Protein chains: 2
Amino acid sequence: MRILEPEPREAAAFINTNRRRGLIAIFCICGGTYRGRAAAELPVAPYLVVIKPDGTLLVHGSEKATPLVWNPPGSSNMAVLEGGTLLLKSLRPRPSESVVLKMERVLEIALFDAGSSSVRLRGTERDLVDFLVKNMEVVEPGLDVVGVEVPTEAGHIDILAVDGAGEYVVVEVKRDVADHEAVFQLRRYVEAVAKARGRARGILVASDITSSAFHYLREYNLKFVKVKPGELMEKLLNKSSCESSSTDMRR
Amino acid sequence: MRILEPEPREAAAFINTNRRRGLIAIFCICGGTYRGRAAAELPVAPYLVVIKPDGTLLVHGSEKATPLVWNPPGSSNMAVLEGGTLLLKSLRPRPSESVVLKMERVLEIALFDAGSSSVRLRGTERDLVDFLVKNMEVVEPGLDVVGVEVPTEAGHIDILAVDGAGEYVVVEVKRDVADHEAVFQLRRYVEAVAKARGRARGILVASDITSSAFHYLREYNLKFVKVKPGELMEKLLNKSSCESSSTDMRR
DNA sequence: GGATGGATGTCGAAA
DNA sequence: TTTCGACGTCCATCC
C-alpha cells in the first residue's frame with residue numbers, strides 16, 4: 001500500500017492509521033530537531049524516514065549505517081498538521097526525548113506489513129566460552145572448570161577454573177582483538193577472586209591482542225592464549241542444529 | 001524513480017545501475033545469510049532493504065532500531081541473477097564479511113537521490129569538558145587546568161589540573177550515569193599520572209553514579225562531583241552559534 | 001591502517 | 001527498574 005506525492009492531510013491520516021500496523025517508509029524532504037539528553041538540528045534535505053510498529057523511528061541520509069536522528073522502540077510517533085504543513089512527532093518516554101520532523105515535501109509513503117522475525121547469531125563470545133569450557137586444554141592443560149559467568153564484586157568472570165596445584169585461574173575471553181581494557185578487566189577479576197577465595201592467576205583468551213594490552217599483560221603477570229575464531233566458526237556451522245552431546249570429554 | 005513488482009532481471013539492472021547514485025529502498029520478501037566474524041541466517045520474511053551510495057546495506061524487520069543484518073559503508077553491493085532468482089550480494093572487504101539476500105519477491109524498488117548531510121550534536125561529553133574547563137569551580141575551587149585530553153600510557157585524561165597545593169588532579173567526565181568502569185578508568189589515569197609526574201588524586205564528574213561505582217570510588221579514595229547535564233544543555237542551546245569569547249575567566 | 005574511547009549507542013540478561 | 005557487559009557494535013580522532 002502506498003501513496004505518491006500525498007497531500008499533508010492525506011499523509012497524516014495514513015501515518016496515524018497505520019503506524020502500529022506495519023513498517024512505514026517515507027521518502028521526503030524535511031528538516032527536523034532532536035531534543036533530549038543531547039540536541040541536534042537536521043538540515044532540510046532528502047531523507048528516508050522509517051516508522052516501525054514497535055515505535056522505532058529512523059531518519060536515514062545517504063551515508064553511514066547509523067541513522068542521523070532516531071528514537072528507539074517504545075516511542076510514540078504521531079503525525080500532526082500545523083498550518084498546513086505535516087509534522088511528524090516522536091516522543092520517547094524515558095529518558096524523555098523527542099524527534100520532530102517538518103515535512104517540506106513528501107514524495108512517497110509506503111506501508112509494508114513486515115512480519116517480526118529475528119536472527120540467531122552464531123560465533124559470539126558466548127559460543128566461544130561454551131566451546132572452551134568443553135575444550136579447556138585449548139586454554140591450558142590440566143584445568144578444571146569451576147563455573148561460567150561467575151559473579152564477583154568486580155563483575156562476571158567468563159570462566160573460573162582451578163589448576164592442578166589448586167590455584168584459581170580466571171579466564172577472560174574476547175572474540176576478537178583484546179585491548180588494554182580487557183587486560184584491566186581481567187586484572188580486576190583476578191584481584192576479586194584472590195580476595196574472596198584465595199590465590200589466583202589470570203589468562204586472557206582472544207584472537208589477537210593490541211601491543212599496549214600485551215604490555216600491561218606482562219606487567220600484571222597475566223597469560224595470553226591466542227585462539228583462531230575461524231576454526232570455531234567452522235565447527236559451529238558444521239554441527240548446525242545438533243544439540244550438545246552429554247557424552248563428552250571432561251578434561 | 002521507482003518500479004513496482006519488477007521482474008528479477010529488471011530489478012537487478014535497476015540496482016546495479018543506481019547503487020552508487022542514490023539511496024535505494026527495496027520492499028521485498030527474502031531470505032538471507034550473513035557470514036564473517038560471526039554468522040547468521042535470515043528467515044524468509046518481508047523486509048525493508050536499503051542500499052546507500054556509500055556501500056551501506058541495511059536489512060530492517062518490523063522491530064528494533066538495529067538492522068537484522070547489515071554491511072557498513074565501504075561495502076560492495078551487487079545484484080546478480082542465479083537461475084532466474086535475484087540475489088543481492090554485499091561484500092565488506094576488511095574484515096571480510098558477506099551478506100547474501102535471496103529475493104523471493106520484490107514488491108517495490110525505489111531510488112531516492114538523498115543529498116549527503118550531517119548533524120551537529122550538542123551536549124556531548126566533549127561539550128561538557130569544554131564547559132568544565134571554563135568553569136573549573138564547578139569541579140572544585142582552586143584548580144588550574146594543565147591540559148585537556150592529555151595522553152598517558154593508560155589512555156587519554158579528560159582534564160588534568162593542579163590544585164592549590166601543587167597536587168595533580170585527574171578529572172574524568174561522563175555525560176550520564178557513571179558505572180564502575182568509569183571509576184576503574186579514573187583509577188588507572190591517577191596511577192599513571194602519579195607514576196609519571198608525581199602525587200595525584202582523581203575526581204569523577206558525572207550526572208549520576210551507580211552504587212557499585214560509588215563503592216569503588218570510596219575504596220580508591222576518589223571524589224565524585226555531580227553535575228546537571230540539563231543546565232549545560234540550556235546554555236549550549238541558548239548561545240547557539242556564538243564563538244568562544246577569548247576574554248574569559250582564567251580562575 | 002592500528003589504537004583508543006565516546007555514543008541520544010542498542011540490546012539482552014540477571015538481580 | 002537498575003545494573004552490567006557484549007556487540008558482526010558504529011564512529012570520529014589521532015597517530
Side-chain angles (χ1 to χ4, degrees), chain A residues 34-40 56-58 63-75 90 92 94-99 118-119 121-129 149 151-152 154-158 172-182 185 208-213 229 233, chain B residues 34-40 56 63-75 92-99 118-119 121-129 149 151-158 172-182 185 189 208-213 229 233:
Chain A
Y34 152 68
R35 286 294 129 82
R37 287 164 294 174
T56 302
L57 172 77
L58 309 171
E63 293 170 355
K64 306 297 174 197
T66 314
L68 292 164
V69 301
W70 72 92
N71 252 350
S75 306
S90 176
R92 172 191 196 167
R94 215 169 1 264
S96 174
E97 301 196 289
S98 68
V99 173
S118 61
V119 295
L121 199 63
R122 287 171 294 170
T124 60
E125 187 195 89
R126 187 55 211 258
D127 291 325
L128 183 49
V129 167
E149 293 298 322
T152 73
H156 299 301
I157 295 173
D158 285 337
E172 172 64 23
V173 179
K174 292 293 169 196
R175 64 181 303 286
D176 36 38
V177 181
D179 58 14
H180 61 222
E181 286 285 351
Q185 214 177 341
D208 205 349
I209 188 170
T210 67
S211 58
S212 101
M233 279 298 300
Chain B
Y34 151 69
R35 285 293 129 83
R37 285 165 295 174
T56 301
E63 291 170 356
K64 306 296 174 198
T66 313
L68 292 165
V69 301
W70 74 94
N71 252 349
S75 308
R92 173 190 194 168
R94 216 167 3 261
S96 174
E97 301 197 288
S98 68
V99 173
S118 61
V119 294
L121 198 63
R122 287 170 294 169
T124 60
E125 186 193 90
R126 186 55 211 260
D127 290 325
L128 183 48
V129 168
E149 294 297 323
T152 73
E153 59 163 21
H156 299 301
I157 294 173
D158 284 339
E172 173 63 25
V173 179
K174 293 293 170 197
R175 63 181 304 287
D176 37 36
V177 181
D179 59 14
H180 63 223
E181 285 285 352
Q185 215 177 343
Y189 298 154
D208 206 348
I209 188 170
T210 67
S211 60
S212 103
M233 280 297 300

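Here the structure is a predicted model, which means the values were calculated and not measured. Naming convention: chains lettered A, B, ... in sequence-line order (proteins, then strands); numbering from 1 in each chain.
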Chemist: With sequence neighbours left out, what residues match B:D176 under side chain to side chain contact (heavy atoms under 4.5 Å, CB included)?
Modeler: B:S207
Chemist: Check salt bridge (Lys or Arg N to Asp or Glu O under 4.0 Å) between B:E149 and all other residues, then give those that pass, not counting sequence neighbours.
Modeler: none
Chemist: Identify the 5'-most and 3'-most nucleotides of DNA chain D with at least one atom closer than 4.0 Å to a non-hydrogen atom of chain A.
Modeler: D:dT1 to D:dA12
Chemist: If the P atom of D:dC11 is compared with that of C:dC11, how far apart are they to the nearest Å?
Modeler: 15 Å
Chemist: Base, sugar-phosphate alone, or nothing: which one does A:R94 contact when heavy atoms must sit under 4.0 Å apart?
Modeler: sugar-phosphate
Chemist: List in chain and number order the residues that pass side-chain hydrogen bond (donor to acceptor under 3.5 Å, both in side chains) with A:T124, two or more places apart in sequence or in another chain; answer none if no residue qualifies.
Modeler: A:D127
Chemist: Residues in side chain to side chain contact (heavy atoms under 4.5 Å, CB included) with B:A182, at least two apart?
Modeler: B:K174, B:A178, B:D179, B:L204
Chemist: Starting at the 5' end of nucleotides 5-15 of chain C, put B wherever the base has a protein heavy atom under 4.0 Å, S where only the sugar-phosphate does, and a dash everywhere else.
Modeler: SSSBSSSS---
Chemist: Only stems of 3 or more consecutive Watson-Crick or G-U pairs count here, both distances under 3.5 Å; name the ones for DNA chain C, or none.
Modeler: C:1-7 with D:9-15, C:9-15 with D:1-7
Chemist: What's the gap between D:dC7 and C:dG5 when it is taken at their C1' atoms, as a whole Å value?
Modeler: 16 Å
Chemist: Say you pick atom C1' in C:dA7 and the same atom in D:dG5; how far apart are they, in whole Å?
Modeler: 16 Å
Chemist: For A:S90, enumerate each residue passing the side-chain hydrogen bond (donor to acceptor under 3.5 Å, both in side chains) test, keeping only those at least two apart in sequence or located in another chain.
Modeler: A:N71, A:N77
Chemist: Mind checking side-chain hydrogen bond (donor to acceptor under 3.5 Å, both in side chains) for B:S98 and listing every partner two or more places apart, or none if nothing turns up?
Modeler: none
Chemist: Run the side chain to side chain contact (heavy atoms under 4.5 Å, CB included) test against A:A40 and tell me which residues pass, sequence neighbours left out.
Modeler: A:Y34, B:V119, B:L121
Chemist: State, to 0.1 Å, how close B:E125 and B:D158 come at their nearest heavy-atom pair, and which atoms those are.
Modeler: OE1-OD1, 3.5 Å
Chemist: Mind checking salt bridge (Lys or Arg N to Asp or Glu O under 4.0 Å) for A:E97 and listing every partner two or more places apart, or none if nothing turns up?
Modeler: A:R37, A:R92
Chemist: Under the side chain to side chain contact (heavy atoms under 4.5 Å, CB included) test, which residues partner B:S118, sequence neighbours left out?
Modeler: none
